[in-house]
J.: 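Dumping the structure here so I can ask a few things about it.
Owing to the predicted nature of the structure, the values given are computational and were not obtained by experimental measurement. Chain letters run A, B, ... following the sequence lines, proteins first, then strands; residues in each count from 1.
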Amino acid sequence: MSVTDDPVDVLIIGAGASGAALAWSLSDTRMNILCLEQGDWMDPNRYPGMTEDWELRQLGDFALSPNARGRREDYPVNDADSPISASMFNAVGGSTILYAAHFPRLHPSDFRVRTLDGVADDWPLDYARLAPYYALNERMMGVSGLAGDPAYPPKTPPLPPLPLGKVGETLGRGFNRLGWHWWPSDSAITSQPYEGRAACINAGTCLLGCPQGAKASTDITYWPLALRRGVRLATHCRVREITVGANGMADGVIYYDAEGREQKQRAEVVVLACNGIGTPRLLLNSRSKHFPDGLANRSGLVGKNLMFHPYAMVTGVFDQRLEGYKGATGCCIMSQEFYETDRARGFVRGYSFEILRGFGPVSTALWGMSSGRMPWGADHHRAYGELFDRTAGMVVICEDLPEAHNTVTLDAELADADGIPAPKITYRLSENSTAMLEHSVARARQVLEASGAHDTVTDAPLRFAGWHLMGTARMGTDPERSVVNEWGRCHDVRNLFVVDGSVFVTAGAVNPTNTIQALALHIADTIKQNLANLFD
Amino acid sequence: MGHPLSDDQRRTLTSVLDELIPPSADGRLPGAGALGLADYVEQVVQATPELAGMIAEGLATLDDTARSRAGRAFADLAQPEKVALLHEQPFVFPLMFHVFTGYYKEPRVVAALGLEPRAPHPKGHEMAPVELGLLDTVRRRAPFHRAC
């Protein structure tokens, strides 16, 4: 599509999880809405799962790290000063193209961290406020799961749970032996045909895009509906900066089109939906006389308080074959036995266990090699035979707490293909996270052994697990201690909104996409309710 | 390996591959060299000039050392001699990565592992529905999320 400089009512930057949800919600206003996306539409017929060498593609054009992929649509991230590297994808659908689609909600306690545990800050909204938006988002994305989970207030996923498979059943029995909580995962993957989408066929290629359309990436959920209602989406448009008028309000953006030409787009309202690294990067790149330290950054908090979820991966080796190559890669069962704070454990807050499937043939060899269990030579086939289809992995997702020294800044030298300064992340694990990881790894081993594993292998913290990017433009009611208010509007710029994971006050200990989208829907609804006096 | 391998280099590489992944004792799985993996390995390492140089140098060193110690080319050594020489070579570990990835994507190998050698889509895999009885004890548990 062609884009002109005619001003639009709402300009959304980023077509991923949150931008899509917001665009769809706002589309019923009939406003003139345009989304600029630096990536392109993906062609599901060309996803790696359609090819025999699909496992190798994880090491190349479908690698988790944009640095490893090196596609023009991506931007590099300097992650040398962090034990966790950033994983993201740039396309219509954003990182939902590659995510596992594990779709839990936060707990009510996650919104009251300061009150309950005396750390970090409370959110300026609560679980009850978000609950209807969670439910709406779960319908829109098509979530499979099971009602009745005692770890949560009542909720009812719209579709029945995905198969547990031998891996889930084996680990479920292990949890039962210990008397610990577990439950089928809430998964944004269709267990049955749903709203024009086919059901999951258990192909096990979720992290490489879903050719079946069973996994809910927003290019196949929100976007078709939003486009049908008149929203426009322009791809290969990479925003360099948000511009500010004489009145200190955002008045548009400067971006590079597919041919690398500089373009200007004016807008009445600008919405950032670029993830917890892309959003602070863009704000910091948007300097002006009104905002010499970066747009909407009078608090100095843009780019501060970067939160990942520190992950550990603990893999068990079993005697029996587990058919772990079957099934949704990251969506099997979850345990929240250790989610809520118990100070006797030596840390505050908590963690979730998520059970993964096993490895494919190539991944088995590479994992065996990296863990020192896969020799070359005469013993190779014995060692391979002991691992192939006999492993079950579990990851631990630890809650990260906001710390000002964990940051996204601009790299002095690194830039993307259009010459826009790239982000640099600086991050270290806190003592609380380190203690939590240690506790969780010991419990993970306990579960695997109770499930019958004769050996376990631990990788912690898991370097490539920077999937969850949060906290770098956090919400709050105090302009000195937060960047946006309780409905995503920047304190400093009243026609500028943030709807991605940047606004998280704390991280919880679950995958954030459901919460990111529920927040985007909440913010969109609040914008609609305040249209008459949006900038007051 | 800035240019295609010579016949001698290819013979050495094939012999190395058969040592890294030899045929399985039951004969179901071929050696990596016999499988014809040299073409694949040559192709992928060319994309990494540093590795290509390291491997080209390593193959030459292997042959030179074999000739100086035993008077024969590496490929003509007895198996224990080959193994001993390979343990001295720093290129073996980085080469393993490409050998393993190439070997375990081969249809003949995948089939020998008990899987259908095909793309995962569009056929997918059959799985049994959830056995909810496993959850009986969890279901009986009282809600344990903190009230706020």
J.: Chain A heavy atoms under 4.5 Å from B:Arg118: which part of the residue, side chain, backbone, both or neither?
T.: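 The answer is the backbone of B:Arg118.
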J.: Sort A:Phe388 into side chain, backbone, both or neither according to what part of it lies under 4.5 angstrom from a heavy atom of chain B.
T.: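 The side chain, not the backbone.
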J.: Taking side chain as everything from C-beta outward and backbone as N, CA, C, O, which of these in B:Pro107 sits under 4.5 Å from a heavy atom of chain A? Side chain, backbone, both or neither.
T.: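 Contact with chain A involves the side chain of B:Pro107 alone.
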J.: Considering only heavy atoms, which portion of A:Ser370 lies under 4.5 Å from any heavy atom of chain B: side chain, backbone, both, or neither?
T.: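 Answer is neither: A:Ser370 stays 4.5 Å or more from chain B.
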J.: Relative to each other, are the rings of A:His380 and B:Phe100 parallel, tilted or perpendicular (30° and 60° limits)?
T.: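 Tilted: the ring planes of A:His380 and B:Phe100 meet at 30° to 60°.
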J.: Could you check which of A:Gly377, A:Pro108, A:Gly204, A:Ala365 has the highest count of heavy-atom pairs closer than 4.5 Å to chain B?
T.: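 Looking at each option in turn, the highest pair count goes to A:Gly377.
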J.: Taking side chain as everything from C-beta outward and backbone as N, CA, C, O, which of these in A:Leu164 sits under 4.5 Å from a heavy atom of chain B? Side chain, backbone, both or neither.
T.: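 Both parts, backbone and side chain.
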J.: Suppose we screen for side chain to side chain donor-acceptor pair (under 3.5 Å). Which residues come up paired with A:Asp43, at least two apart in sequence or across chains?
T.: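 Partners of A:Asp43 under the side chain to side chain donor-acceptor pair (under 3.5 Å) test: none.
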J.: Please state whether the side chain, the backbone, both or neither of B:Val92 comes within less than 4.5 Å of a heavy atom of chain A.
T.: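 When you check distances to chain A, only side chain atoms of B:Val92 fall under 4.5 Å.
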J.: Which answer fits A:Arg382, side chain, backbone, both or neither, if we ask what part of it has an atom under 4.5 Å from a heavy atom of chain B?
T.: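 Contact with chain B: none, neither part.
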J.: Identify which part of A:Leu162 has an atom lying under 4.5 Å from any heavy atom of chain B, answering side chain, backbone, both or neither.
T.: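 Backbone only.
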J.: Could you tell me whether A:Arg114 atom CZ has more than 12 heavy atoms of other residues or ligands within 6.0 Å of it?
T.: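 Yes, enclosed.
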J.: Checking heavy atoms, do the side chain of B:Ser24, its backbone, both or neither come under 4.5 Å from chain A?
T.: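 The answer is both parts of B:Ser24.
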J.: On a heavy-atom basis, which atom in B:Ala128 and which in A:Pro163 lie closest, and how many Å separate them?
T.: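 In this case the closest contact between B:Ala128 and A:Pro163 is O-CB, 3.4 Å.
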J.: Evaluate the ring planes of A:Tyr325 and B:His125, with Trp represented by its six-membered ring, and classify them as parallel (under 30°), tilted (30 to 60°) or perpendicular (over 60°).
T.: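 Answer is perpendicular, since the angle exceeds 60°.
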J.: What part of A:Trp183 gets within 4.5 angstrom of chain B, counting heavy atoms only: side chain, backbone, both, or neither?
T.: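 Both backbone and side chain.
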J.: Could you tell me which portion of B:Glu106 (side chain, backbone, both or neither) has an atom closer than 4.5 angstrom to a non-hydrogen atom of chain A?
T.: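 No part of it gets close to chain A.
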J.: Tell me which of these, B:Val83, B:Val130, B:Val110, has more heavy-atom pairs under 4.5 Å with chain A than the rest.
T.: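 If we count pairs closer than 4.5 Å to chain A, B:Val130 comes out on top.
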J.: Given that the side chain runs from C-beta out, which part of A:Ala128 has a heavy atom under 4.5 Å from chain B: side chain, backbone, both or neither?
T.: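 Neither part, no heavy atoms under 4.5 Å.
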J.: Using the six-membered ring wherever Trp is involved, compare the ring planes of B:Phe144 and A:His181 and label them parallel, tilted or perpendicular (cut-offs 30° and 60°).
T.: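 Ring orientation, 0 to 90° scale: perpendicular.
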J.: Less than 6.0 angstrom separating the ring centers of A:Tyr384 and B:Tyr104, yes or no?
T.: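 Yes.
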J.: Does any heavy atom of chain B fall under 4.5 Å from the side chain of A:Pro154, the backbone, both, or neither of them?
T.: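 Neither part.
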J.: Need one label for B:Phe93: side chain, backbone, both or neither, based on atoms under 4.5 Å from any heavy atom in chain A.
T.: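 For B:Phe93, backbone and side chain are both near chain A.
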J.: If we ignore hydrogens and angles and just use 3.5 Å, is the side chain of A:Asn176 paired with the main-chain N or O of B:Thr137 as donor and acceptor?
T.: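 Flag not set: sc A:Asn176 to bb B:Thr137 has no pair under 3.5 Å.
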J.: Tell me, which pairs form a side chain to side chain donor-acceptor pair (under 3.5 Å) where one or both residues lie in residues 201-210 of chain A, sequence neighbours left out?
T.: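 Matches after skipping sequence neighbours: A:Thr205-B:His121.
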J.: So for A:Thr51, is it side chain, backbone, both, or neither that comes closer than 4.5 Å to the heavy atoms of chain B?
T.: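 For A:Thr51, the contact with chain B is made by the backbone alone.
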J.: Ignoring hydrogens, what is the shortest heavy-atom contact between A:Met374 and B:Met96? Give both atom names and the distance.
T.: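 Closest approach of A:Met374 to B:Met96, heavy atoms only: O-CE, 3.8 Å.
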